[in-house]
Number of protein chains: 2
Amino acid sequence: MTRDDRPTIRDVARVAGVSKGTVSFALNGRPGVSEDTRERILAAARDLGWTPSTKARALSVSRAFAVGIVLAREPELLGADPFFPAFIAGVERTLSDRGQALVLQVVPESEEEAGYRRLADAGRVDGVFLLDLRVADSRIALLTELGLPAVSIARPDVPSAFPAVLVDDRPGIAAAVSHLAGLGHRHVAHVAGPSHFLHGSRRRRAFDEALASAGLPAGPVVEADFSAAGGAAATHTLLAGPDRPTAIVYSNDLMAIAGLSVAIEHGVAVPAQLSVTGFDNTDLAGYVSPALTSVRTDPYLWGRKAAEALLDLIDGGTVDDVPVPAAQLVIRASTAPPPL
Amino acid sequence: MTRDDRPTIRDVARVAGVSKGTVSFALNGRPGVSEDTRERILAAARDLGWTPSTKARALSVSRAFAVGIVLAREPELLGADPFFPAFIAGVERTLSDRGQALVLQVVPESEEEAGYRRLADAGRVDGVFLLDLRVADSRIALLTELGLPAVSIARPDVPSAFPAVLVDDRPGIAAAVSHLAGLGHRHVAHVAGPSHFLHGSRRRRAFDEALASAGLPAGPVVEADFSAAGGAAATHTLLAGPDRPTAIVYSNDLMAIAGLSVAIEHGVAVPAQLSVTGFDNTDLAGYVSPALTSVRTDPYLWGRKAAEALLDLIDGGTVDDVPVPAAQLVIRASTAPPPL
DNA sequence: CTGAGTTACTAAACCGGTTTGATCGAAAGA
DNA sequence: TCTTTCGATCAAACCGGTTTAGTAACTCAG
């Protein structure tokens with residue numbers, strides 16, 4: 001029952017007894033159409049069940065009415081990350097209100113640049129979101145060259161003319177460290193994300209600074225890859241080494257949860273002998289044992305804000321950076337005073 | 001530096017000294033162009049850096065060169081589900097090879113139908129994937145009415161003219177039950193997903209059947225919602241009740257992991273006093289304590305196959321259902337013989 | 001040497017909207 | 001009363017491709 005006889009603007013014009021142009025004007029709320037005819041046209045459109053063809057509009061106004069995301073992550077890591085789905089849900093919230101679509105592209109890291117080029121050259125999107133910023137991220141220059149508007153999540157460390165949603169991980173990490181310091185910990189370690197990611201390196205720096213401002217000695221930092229396996233390996237390193245820390249600040253929940261089991265295997269009780277904090281406050285954080293103290297972020301909100309900024313940018317406005325509320329520490333059972 | 005002077009087919013034609021039509025023929029590998037001119041045209045296109053405009057092609061051949069997914073899930077649940085990102089990664093693998101794009105739509109459940117209608121009416125996509133099938137799913141009729149080609153993940157329980165990727169959860173559940181039966185368990189419980197989801201109810205039925213075919217008595221079944229909170233509550237119900245089971249088969253890993261902590265809180269040792277199995281074999285499964293016995297599925301593969309089927313369907317072929325390998329049970333430390 | 005059949009190519013129509021320039025009748029100003 | 005201006009409307013061009021119909025040159029059988 002593939003009824004391909006979708007009505008066109010021509011049909012609406014005929015039924016309403018006007019020209020195509022007038023229908024177009026009426027629908028886009030332009031002046032120069034009498035109230036009388038406007039209503040007749042709208043009625044005709046309603047009767048015919050006509051919706052303007054995005055394809056045709058896209059061609060004539062040279063807009064795609066869509067924005068894009070290029071994801072260069074391994075499928076497995078993607079699956080474990082709670083950020084991404086919540087973010088796109090937020091993005092969609094804004095987009096659907098404004099009649100825009102979201103085009104997703106998942107590519108191997110080696111094809112990331114090609115992914116953006118394809119999107120731009122084919123004219124598939126009017127702008128993109130810049131996620132997973134890296135240190136000295138080359139995509140900023142690429143997108144500038146391509147003339148593709150963009151909004152980044154967090155402000156890049158290289159000059160960027162694009163607006164950013166000012167996500168800042170530092171207060172969250174600082175809150176975790178200061179919570180631990182307040183409990184009396186003096187040997188605090190950090191399991192960091194990959195240092196070529198901006199959030200990886202920024203969380204790490206925030207950790208160093210928070211220790212210093214709490215008057216604590218610098219703590220050991222092990223770099224991992226945000227995966228469960230990586231978190232487990234890093235934890236093993238920290239617990240097997242000399243001068244075992246009494247607390248570990250993980251840069252995401254997944255690694256922290258994996259760390260919990262490693263501690264058990266090492267016969268280290270959490271939180272009695274080791275305190276642990278996560279980051280992301282995933283669904284699971286409250287339901288592991290002990291329940292995980294974590295930093296709550298709000299990727300859904302970021303998605304909404306980022307989409308608003310991007311659409312405004314595309315519509316020609318100059319857009320400022322977008323502030324967002326600071327992350328909050330959620331204290332649960334995995335943190336306690338250090339052993340005496 | 002928004003250089004909007006992208007070359008058009010006209011420019012290529014001029015440089016190559018031929019007409020637009022000939023350029024089009026040359027590029028689409030049609031006969032009627034001499035080898036000589038064809039090369040000249042391709043060279044001109046390369047020199048100018050010309051890529052055909054998807055917008056224009058879409059209009060003239062009335063194809064969107066894109067397929068869609070409408071997701072009607074709560075953002076939180078989405079974030080915790082490992083299926084979805086892996087699936088779209090697989091989809092993308094196929095799509096990018098064939099020059100197609102993926103349009104994503106995340107909507108509240110109440111707007112699901114509207115979501116499909118929008119996609120279809122605006123002509124944004126040429127077909128869609130049907131995920132999270134429900135019992136007596138009304139979307140089959142909807143898509144048929146809209147004339148929108150589709151491929152479903154798992155075969156629906158209502159008559160459907162659309163091809164399906166034959167995902168079957170039953171062997172996985174059966175393997176888990178038979179593993180537990182082999183270990184000597186006779187009191188096996190199940191924490192099911194929502195029964196209005198096809199996979200929820202099918203896993204439940206598979207559980208019942210597997211128990212029967214192992215010669216075991218019917219076990220208690222508690223319905224939950226696939227979330228950590230739901231899994232915890234269900235586990236609590238099972239462990240607090242009379243006639244406590246010696247093993248629990250969860251319908252996903254998230255609930256199983258939440259269940260592990262509830263067991264600890266109840267002073268029930270896993271696996272000594274209680275065996276636990278999950279479903280999905282998430283990244284985390286191997287890194288909780290005890291490591292979780294789980295059913296490994298392959299959503300990445302499903303995505304690839306589903307996309308191939310959908311594109312073939314759109315291209316006019318008649319497409320058969322697509323078989324996929326049965327899920328495998330991954331045995332880890334969370335299962336052991338029951339207490340004596 | 002003619003007429004039919006190929007081959008290689010062009011001009012023009014078309015997809016379904018938006019946008020520009022022109023037209024026409026009516027109201028307003030001289 | 002005779003312009004002038006303005007609001008409402010239409011016809012046609014345009015966006016950048018694809019596709020159809022037509023044509024010129026060239027081959028080949030009779």
Side-chain angles (χ1 to χ4, degrees), chain A residues 3-42 44-45 48-66 99 120-124 126 315-316, chain B residues 4-42 44-45 48-66 99 101 120-124 126 315-316:
Chain A
R3 304 182 52 81
D4 251 2
D5 44 3
R6 303 202 324 126
T8 78
I9 198 172
R10 202 176 205 101
D11 300 319
V12 178
R14 191 176 312 124
V15 171
V18 295
S19 72
K20 289 199 322 175
T22 306
V23 175
S24 180
F25 280 1
L27 251 103
N28 297 326
R30 295 250 201 143
V33 182
S34 74
E35 200 45 47
D36 212 39
T37 11
R38 184 184 307 275
E39 270 167 27
R40 197 151 30 90
I41 290 171
L42 294 179
L48 292 170
W50 176 74
T51 316
S53 149
T54 306
K55 296 193 240 289
R57 296 219 308 143
L59 180 58
S60 60
V61 303
S62 40
R63 282 259 260 133
F65 300 107
D121 289 347
R124 286 242 190 225
D126 302 317
D315 285 344
Chain B
D4 249 5
D5 44 3
R6 303 203 322 125
T8 77
I9 197 171
R10 201 176 205 105
D11 300 318
V12 177
R14 190 176 314 123
V15 170
V18 295
S19 72
K20 289 198 323 175
T22 305
V23 175
S24 179
F25 280 1
L27 251 104
N28 298 327
R30 295 248 201 144
V33 182
S34 74
E35 200 47 48
D36 213 40
T37 2
R38 184 185 309 274
E39 271 168 26
R40 195 152 30 91
I41 290 172
L42 294 179
L48 292 170
W50 175 74
T51 316
S53 148
T54 306
K55 296 194 238 289
R57 296 218 310 142
L59 180 59
S60 62
V61 303
S62 38
R63 282 260 259 134
F65 300 107
D121 289 346
R124 286 245 190 222
D126 302 317
D315 284 343

ask   = Does any non-hydrogen side-chain atom of A:Arg63 lie less than 4.5 Å from one of A:Asp315?
value = yes

query = Is any side-chain N or O of B:Thr37 closer than 4.0 Å to OP1 or OP2 of C:dC9?
reply = yes

Polar side-chain contact B:Lys20-D:dG16 base: donor and acceptor under 3.5 Å = no

Phosphate OP1/OP2 of C:dT18: any A:Arg30 side-chain N/O under 4.0 Å = no

key: Exam field: side chain A:Arg124 to backbone A:Ala64, donor-acceptor pair closer than 3.5 Å   = no

ask   = If you round to the nearest 0.5 Å, how far is OG of A:Ser34 from CZ of A:Arg40?
value = 7.0 Å

message = So for the helix from C:dC1-D:dG30 to C:dA30-D:dT1, with five pairs setting each end axis, what is the inter-axis angle to 10°?
response = 60°

message = Nearest whole Å is fine: how far is D:dT19 P from B:Leu27 CG?
response = 13 Å

query = Looking at the side chain of A:Ile9, which of C:dT10, C:dG17, D:dC10 is the nearest nucleotide?
reply = C:dG17

request  = Classify the nucleic acid contact of A:Gly17 as base, sugar-phosphate or nothing, counting any heavy atom under 4.0 Å across all strands shown.
outcome  = sugar-phosphate

remark   = Separation of C:dA12 atom P from B:Phe25 atom CZ, nearest Å, is 16 Å

ask   = Quick one: A:Asp36 CG to D:dG7 C1', roughly how many Å, whole number?
value = 14 Å

message = Does C:dC15 have OP1 or OP2 under 4.0 Å away from a side-chain N or O of A:Thr8?
response = no

message = Within the 4.0 Å heavy-atom criterion, would you say B:Val18 contacts the bases, only the backbone, or no part of the nucleic acid?
response = sugar-phosphate

request  = Taking A:Thr54 for its side chain and B:Ala122 for its backbone only, find out whether a donor-acceptor pair lies under 3.5 Å.
outcome  = yes

task = Hey, could you give me the CZ/OG1 distance between B:Arg38 and B:Thr22, rounded to the nearest 0.5 Å?
result = 10.5 Å

Nearest-Å distance for atom pair CG/C1', residues B:Asn28 and C:dC9 = 16 Å

key: Worked check of side chain to side chain contact (heavy atoms under 4.5 Å, CB included) between A:Trp50 and A:Leu27   = CA-CA 11 Å; A:Trp50 176 74; A:Leu27 251 103; 3.7 Å; yes

key: Atom pair distance, as rounded to whole Å: CG in B:Leu48 and C1' in D:dG17   = 16 Å

key: Distance in angstrom units between A:Arg38 CZ and D:dG7 P, rounded   = 14 Å

task = Kindly compute the distance separating CD1 (B:Ile41) from CD1 (B:Ile9), expressed to the nearest 0.5 Å.
result = 9.0 Å

key: Residue of the set A:Val18, A:Val23, A:Leu42 for which side-chain contact (heavy atoms from CB on, under 4.5 Å) holds with A:Thr37   = A:Val18

request  = Specify the separation, in whole Å, of atom CD of A:Glu39 and atom C1' of D:dA8.
outcome  = 16 Å

inquiry  = Between B:Arg14 and B:Asp11, is there a side-chain heavy-atom distance shorter than 4.5 Å?
reply    = yes

query = According to a strict under-4.0 Å criterion, is A:Ser34 in side-chain N/O contact with OP1 or OP2 of D:dA8?
reply = no

CG-NZ distance between A:Leu59 and B:Lys55, expressed to the nearest 0.5 angstrom = 8.5 Å

remark   = Separation of C:dA8 atom C1' from B:Ile41 atom CD1, nearest Å, is 11 Å

ask   = Does the side chain of A:Trp50 get closer than 4.0 angstrom to OP1 or OP2 of C:dG17 through an N or O atom?
value = yes

request  = Mind listing the residues from residues 53-62 of chain B sitting with a heavy atom below 4.0 Å of DNA chain C? Number order is fine.
outcome  = B:Leu59, B:Ser60

